[in-house]
Amino acid sequence: MRKESFSVLFETKEGMAELVNQPCMWRSAIYFVASMGLFTGVCTNTWLMSQPLEVRAGVVLSTILFLVIGLFLYAMLLHGIMETFGALAGDAKALICILGYTALPFLVLTPVALLAGRMGLGGLPLLAIIAIWGFIWMNYLLVRALEVVYIISVWQALGVILFSLILLYVFFTWPFRVGINLLKVIMQSL
């Protein structure tokens with residue numbers, strides 16, 4: 001398992017190609033939960049140290065549950081976009097299997113997050129940089145996963161990832177913008 005995770009992180013093209021050829025749903029889920037759980041746990045437990053253990057565990061569990069559901073829905077979105085663009089040869093199950101491995105950068109960055117937490121409030125900029133770096137690395141792994149599952153070029157996979165991120169941005173920000181504009185209209189009419 002260590003060889004697989006090393007291959008996914010540092011020899012990405014070959015590592016993803018190996019994963020597609022074997023069933024790895026449970027290992028992928030374990031890696032995702034371990035990666036996001038440790039990263040989230042380090043971040044929350046360091047800054048919520050004064051809270052009871054139940055509160056900190058609840059924050060970690062709810063965050064992991066939210067991220068697992070979000071990742072599954074994101075996989076379905078990516079598969080739908082790929083089918084819309086005509087890449088019908090892809091396997092949605094293989095994509096879902098691989099997506100758990102894309103969270104491995106957060107497992108690698110967990111010790112740095114612990115260092116940021118030990119620094120107190122001065123470590124917040126470092127934590128932000130780590131989170132952004134992990135997100136970029138995760139998106140790179142997503143590009144490689146799409147490339148292997150749907151047998152497309154890196155540039156096509158990058159275009160799909162960027163398009164999906166724009167869709168998610170619109171989906172999550174549009175209701176707030178409409179609500180704010182509606183409040184402005186209501187306030188002006190009063």
Side-chain angles (χ1 to χ4, degrees), residues 1-40 42-43 63-110 112-113 127-174:
M1 284 174 77
R2 274 188 268 167
K3 170 77 172 109
E4 286 177 358
S5 58
F6 179 83
S7 297
V8 167
L9 286 170
F10 302 108
E11 299 167 358
T12 310
K13 190 171 185 177
E14 294 81 16
M16 291 292 184
E18 289 175 18
L19 286 178
V20 168
N21 296 325
Q22 57 182 319
C24 57
M25 183 76 80
W26 290 110
R27 274 183 279 148
S28 179
I30 288 169
Y31 275 141
F32 182 79
V33 169
S35 301
M36 299 313 291
L38 285 173
F39 189 81
T40 307
V42 162
C43 294
T63 304
I64 290 173
L65 184 61
F66 176 76
L67 291 173
V68 165
I69 292 170
L71 190 69
F72 184 75
L73 292 175
Y74 186 64
M76 294 296 105
L77 172 71
L78 285 178
H79 183 68
I81 291 172
M82 292 307 298
E83 284 194 356
T84 302
F85 288 148
L88 301 174
D91 183 11
K93 186 176 179 184
L95 180 64
I96 292 171
C97 285
I98 289 178
L99 284 184
Y101 282 90
T102 61
L104 280 173
F106 289 101
L107 184 63
V108 173
L109 296 172
T110 297
V112 186
L127 184 63
I129 291 169
I130 293 166
I132 291 170
W133 179 254
F135 181 71
I136 291 170
W137 196 355
M138 185 177 185
N139 280 315
Y140 171 72
L141 294 179
L142 280 172
V143 166
R144 287 302 194 178
L146 282 181
E147 180 188 11
V148 170
V149 173
Y150 293 96
I151 310 171
I152 57 175
S153 71
V154 174
W155 296 108
Q156 288 173 319
L158 182 63
V160 168
I161 295 294
L162 291 176
F163 181 65
S164 67
L165 291 176
I166 290 170
L167 280 179
L168 289 175
Y169 173 76
V170 168
F171 176 74
F172 285 115
T173 59
W174 185 73

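Quick caveat, the model's predicted, so the values are computed rather than measured.
Taken to the nearest 0.5 Å, the NE2 atom of His79 stands 9.5 Å off from the OG1 atom of Thr84. Distance CD1/Ile69 to CG/Leu71: 11.0 Å, rounded to 0.5 Å. Rounded to the nearest 0.5 Å, atoms CZ (Phe163) and CG (Leu158) are 14.0 Å apart. Phe171 CZ to Leu77 CG: the interatomic distance, rounded to the nearest 0.5 Å, is 10.0 Å. Atoms OG and CG, from Ser153 and Leu146 in turn, are 11.0 Å apart once rounded to the nearest 0.5 Å. The structure places CH2 of Trp133 at 8.5 Å from CG of Leu109, a figure rounded to the nearest 0.5 Å.
Within the 3.5 Å criterion, the main-chain N or O of Phe106 finds a donor-acceptor partner in the side chain of Thr110.
Listed here is the closest heavy atom pair of Pro105 and Gly134: CB-O, 4.2 Å. Contact detail for Ile81 and Ser164: the closest heavy-atom pair is CD1-CB, 3.8 Å. Closest of all the heavy-atom pairs between Ala145 and Ile98 is CB-CG2, 3.4 Å. What you find for Ala34 and Leu107 is that their closest heavy atoms are O-CD1, 4.2 Å. Listed here is the closest heavy atom pair of Val154 and Glu147: CG2-OE2, 3.4 Å. Among all heavy-atom pairs drawn from Ser35 and Ala103, the shortest one is CB-O, 3.2 Å.
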Let's go through Val68 and Phe32 carefully: what are the C-alpha distance in whole Å and the side-chain angles of both, what is the deciding distance for side chain to side chain contact (heavy atoms under 4.5 Å, CB included) to 0.1 Å, and is it a yes or a no? CA-CA 8 Å; Val68 165; Phe32 182 79; 3.5 Å; yes

Candidate pair Phe135 and Asn139, rule side chain to side chain contact (heavy atoms under 4.5 Å, CB included), full reasoning: CA-CA 6 Å; Phe135 181 71; Asn139 280 315; 3.1 Å; yes

Any chance you could lay out the side chain to side chain contact (heavy atoms under 4.5 Å, CB included) test for Tyr74 and Leu142, step after step, and finish with the verdict? CA-CA 11 Å; Tyr74 186 64; Leu142 280 172; 3.7 Å; yes

Apply the test side chain to side chain contact (heavy atoms under 4.5 Å, CB included) to residues Ile161 and Leu78: give CA-CA distance (whole Å), side-chain angles for both, the deciding distance (0.1 Å), then the verdict. CA-CA 8 Å; Ile161 295 294; Leu78 285 178; 4.0 Å; yes

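Looking only at atom types and distance, the side chain of Arg27 has no donor-acceptor partner in the side chain of Tyr31 under 3.5 Å away.
Proximity of Val160 to Tyr150: side-chain heavy atoms (C-beta onward) are nowhere separated by under 4.5 Å.
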